[in-house]
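One structure is given below, encoded as structure tokens.
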Amino acid sequence: MITCSYHRVVTKLSIAAAAVDWYSIGARDLPWRRPGVSPWGVLVSEIMLQQTQVSRVEPVWTAWCSRWPTPASLAAEPVGEAIRAWGRLGYPRRAVRLHSCATASVQRHGGRVPESLTELLALPGVGTYTARAVAVFAFRQRHPVVDTNVRRVVARAVTGSPAAGPATTGADLAGVEQLLPADPESAAATSIALMELGALLCTARAPRCPECPLSGSCAWRLAGSPAPTPAAATPDAPAANARGQRRSQRYLGTDRQVRGLLLAVLREATDPVPTARLDLVWPDAEQRARTLASLVADGLAHQVGTGHYALPA
DNA sequence: CAAACGTGGGT
DNA sequence: TACCCAAGTTT
């Protein structure tokens with residue numbers, strides 16, 4: 001009873017402390033973590049890092065923050081410039097939303113990134129994770145910050161399961177809250193450490209348990225590191241069908257691919273592109289028309305005159 | 001709530 | 001080589 005819950009608290013605080021200790025020697029030196037980075041720099045990094053590897057974000061973030069060191073500097077340029085600077089990071093609507101974040105910061109928040117969770121959540125492209133990441137990493141507030149890495153670390157170290165279950169924001173936040181020290185600064189350090197641990201050691205595919213500071217108390221290890229249940233279908237990667245046939249390709253031939261092909265042409269052009277040139281990137285005229293229209297609807301492309309397209313002004 | 005949304009890293 | 005998965009958000 002008392003002893004039991006006491007040990008439970010000690011264990012959880014130990015997880016936080018061990019992760020933070022490890023972080024001081026194991027963490028990467030990432031540019032957006034360096035002293036002096038503005039809240040805007042943090043916001044830019046968090047948006048870029050959504051579903052995107054660190055190694056791909058680094059050069060784009062550096063160039064972006066050098067060119068647009070403040071929300072006002074980006075808001076002063078056409079959104080098309082943001083889309084161009086986004087390069088091949090993927091999910092280019094994030095560039096449009098980041099430009100909108102800049103505009104909103106200028107119009108509603110005096111040119112600064114807002115500090116409250118509520119105001120952050122009101123920014124386009126800023127959801128539960130990103131709002132908390134900015135509030136904690138840029139403004140040092142005390143909130144749980146739960147991304148896919150943290151969910152996996154907690155699933156293994158605390159719950160003992162091989163992988164994180166489907167995202168359940170409420171329960172995930174409550175679970176991590178239990179691990180955080182009371183002091184905001186320590187809580188922030190814990191969140192970054194858990195994320196880094198998940199990214200470098202407690203990885204999804206081949207975890208480096210021998211190097212992990214939590215391995216001694218990890219519930220998953222203690223249970224014998226059971227393998228995850230086989231064919232778990234993920235949203236974007238459906239498992240084999242009922243007849244056991246090979247799974248369908250996720251990307252080739254999809255609207256996603258065609259959008260990417262089309263947008264790449266617009267991004268690299270300095271002048272409006274004639275539709276005849278866009279016709280070259282994909283043979284199916286109907287799919288081309290559909291995806292081009294979707295790019296325009298998403299604010300990623302703009303029709304110029306009758307037969308030309310360009311990045312939006 | 002499931003599906004859509006890019007592009008490439010790592011094994 | 002496949003194929004999973006990556007600091008998620010929106011509709």
Side-chain angles (χ1 to χ4, degrees), chain A residues 27-28 30-33 41-61 83 86-98 100-101 120-138 144-153 162-164 166-169 172-173 176 188 191-200 202-208 228 230-240 246-264 267 290-291 294-295 297-300:
Chain A
R28 295 165 290 185
L30 301 178
W32 45 86
R33 288 182 184 155
V42 172
L43 174 62
V44 172
S45 76
E46 293 301 341
I47 301 266
M48 287 185 174
L49 285 162
Q50 290 168 3
Q51 300 284 282
T52 310
Q53 300 93 327
V54 164
S55 62
R56 299 170 59 208
V57 167
E58 271 199 72
V60 181
W61 181 88
I83 297 168
W86 195 256
R88 303 187 61 80
L89 273 189
Y91 293 140
R93 286 189 289 195
R94 291 182 293 168
V96 176
R97 292 176 180 148
L98 201 39
S100 297
C101 284
L120 285 164
L121 281 168
L123 297 175
V126 175
T128 305
Y129 163 76
T130 303
R132 287 161 180 276
V134 172
V136 172
F137 303 149
V145 181
V146 182
D147 73 335
T148 186
N149 292 304
V150 174
R151 295 201 315 114
R152 189 173 52 250
V153 170
T168 59
T169 306
D172 292 334
L173 289 174
V176 173
S191 288
I192 310 185
L194 290 175
M195 288 177 64
E196 190 75 346
L197 194 60
L200 296 185
C202 193
T203 55
R205 203 69 88 73
R208 297 153 174 71
T234 61
D236 277 358
R246 118 173 143 267
R247 63 188 61 198
S248 59
Q249 296 204 294
R250 279 169 305 171
Y251 183 62
L252 262 33
T254 60
D255 283 5
R256 258 149 119 154
Q257 186 194 15
V258 179
R259 281 167 60 103
L261 259 18
L262 255 16
L263 191 59
R267 209 194 294 123
R290 169 159 40 90
T291 53
S294 76
L295 287 174
D298 287 344
L300 287 163

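Just so we're on the same page: letters track the sequence lines, and every chain starts at 1. All values below were derived from every heavy atom in this structure, side-chain atoms included, with hydrogens, water molecules and symmetry-related copies excluded.
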Roughly, in whole Å, what's the span from CD in A/E196 to P in C/dA6? 14 Å

Side-chain N,O (A/R259) to OP1/OP2 (B/dG6) below 4.0 Å: yes

Which part of the nucleic acid, if any, lies within reach of A/W32 when heavy atoms closer than 4.0 Å are counted: base, sugar-phosphate only, or nothing? base

Can you tell me the distance, in whole Å, between the OH atom of A/Y129 and the C1' atom of C/dA7? 4 Å

Which listed nucleotide (B/dG9, B/dG6, C/dA7) is nearest to the side chain of A/S55? B/dG9

Describe the nucleic acid contact of A/A206 in one word from base, sugar-phosphate, nothing, applying a heavy-atom distance below 4.0 Å. nothing

Counting side-chain heavy atoms from CB outward, which of C/dA7, B/dC5, C/dG8 is closest to A/T130? C/dG8

With a 4.0 Å cut-off on heavy atoms, is A/V150 in touch with a base, just the backbone sugar-phosphate, or nothing at all? nothing

Taking the side chain as every heavy atom from C-beta outward, state whether A/T169 and A/L173 have any pair of such atoms under 4.5 Å apart. yes

Quote, to the nearest angstrom, the P distance that separates B/dG8 from C/dT9. 23 Å

Please examine the side chains of A/W32 and A/V54, heavy atoms only from C-beta on, and report whether any two atoms are closer than 4.5 Å. yes

Residue pair A/R205/A/D147 against DNA chain C: nearer the 5' end by closest nucleotide is A/R205

Measure from the side-chain N and O atoms of A/R152 to the backbone N and O of A/G198, and report whether any donor-acceptor pair falls under 3.5 Å. yes

Measure from the side-chain heavy atoms of A/Y251 and tell me the nearest of B/dT7, B/dC5, C/dT9. B/dT7

When the distance from CG of A/L89 to P of C/dA6 is rounded to whole Å, what number comes out? 17 Å

Does any non-hydrogen side-chain atom of A/Y91 lie less than 4.5 Å from one of A/M48? no

Should A/T130 and A/L120 be marked as a side-chain contact (heavy atoms from CB on, under 4.5 Å) after you check the CA-CA gap, both sets of side-chain angles, and the distance that decides it? CA-CA 8 Å; A/T130 303; A/L120 285 164; over 6 Å; no

State whether A/R267 places a side-chain N or O below 4.0 Å from either non-bridging phosphate oxygen (OP1 or OP2) of B/dT7. yes

A/L200 CG to C/dA6 P: how many Å, rounded? 13 Å

Of all the choices, B/dC5, C/dA7, B/dT7, which nucleotide is nearest to the side chain of A/R28 once you look at every atom? C/dA7

Integer angstrom distance from the C1' of B/dC1 to that of C/dT10: 12 Å

Under 4.0 Å, counting only non-hydrogen atoms across every strand here, what does A/R33 touch: a base, just sugar-phosphate, or nothing? base

Listed in order of residue number, which residues of residues 45-53 of chain A have a non-hydrogen atom at under 4.0 Å from DNA chain C? A/E46, A/L49, A/Q50, A/Q51, A/Q53

Per A/R88 side chain, nearest of listed nucleotides B/dG8, C/dC5, B/dC5: B/dG8

Donor-acceptor contact present, side-chain A/R267 to main-chain A/W86, <3.5 Å: no

After noting the C-alpha distance and the side-chain angles of A/L300 and A/I83, does the key distance pass the side-chain contact (heavy atoms from CB on, under 4.5 Å) rule? CA-CA 7 Å; A/L300 287 163; A/I83 297 168; 3.8 Å; yes

Between A/R33 and A/E196, does any side-chain N to carboxylate O distance fall below 4.0 Å? yes

Counting the atoms with a prime plus P, OP1 and OP2 as sugar-phosphate, which does A/L30 contact under 4.0 Å by heavy atoms, base, sugar-phosphate, or nothing? base

Matching residue for A/D298 among A/R259, A/R97, A/R94 - test: salt bridge (Lys or Arg N to Asp or Glu O under 4.0 Å): A/R259

Out of B/dC5, C/dA7, B/dT7, whichever nucleotide has its closest atom nearest the side chain of A/R56: B/dT7

Can you see if the side chain of A/R208 gets near the phosphate of B/dT11 - specifically, an N or O under 4.0 Å from OP1 or OP2? yes

Spacing of A/L263 atom CG relative to B/dT7 atom C1', expressed in whole Å: 12 Å

Describe the nucleic acid contact of A/G127 in one word from base, sugar-phosphate, nothing, applying a heavy-atom distance below 4.0 Å. sugar-phosphate

Rounding to the closest angstrom, what is the interatomic distance between C/dA7 and B/dT11 at atom P? 13 Å

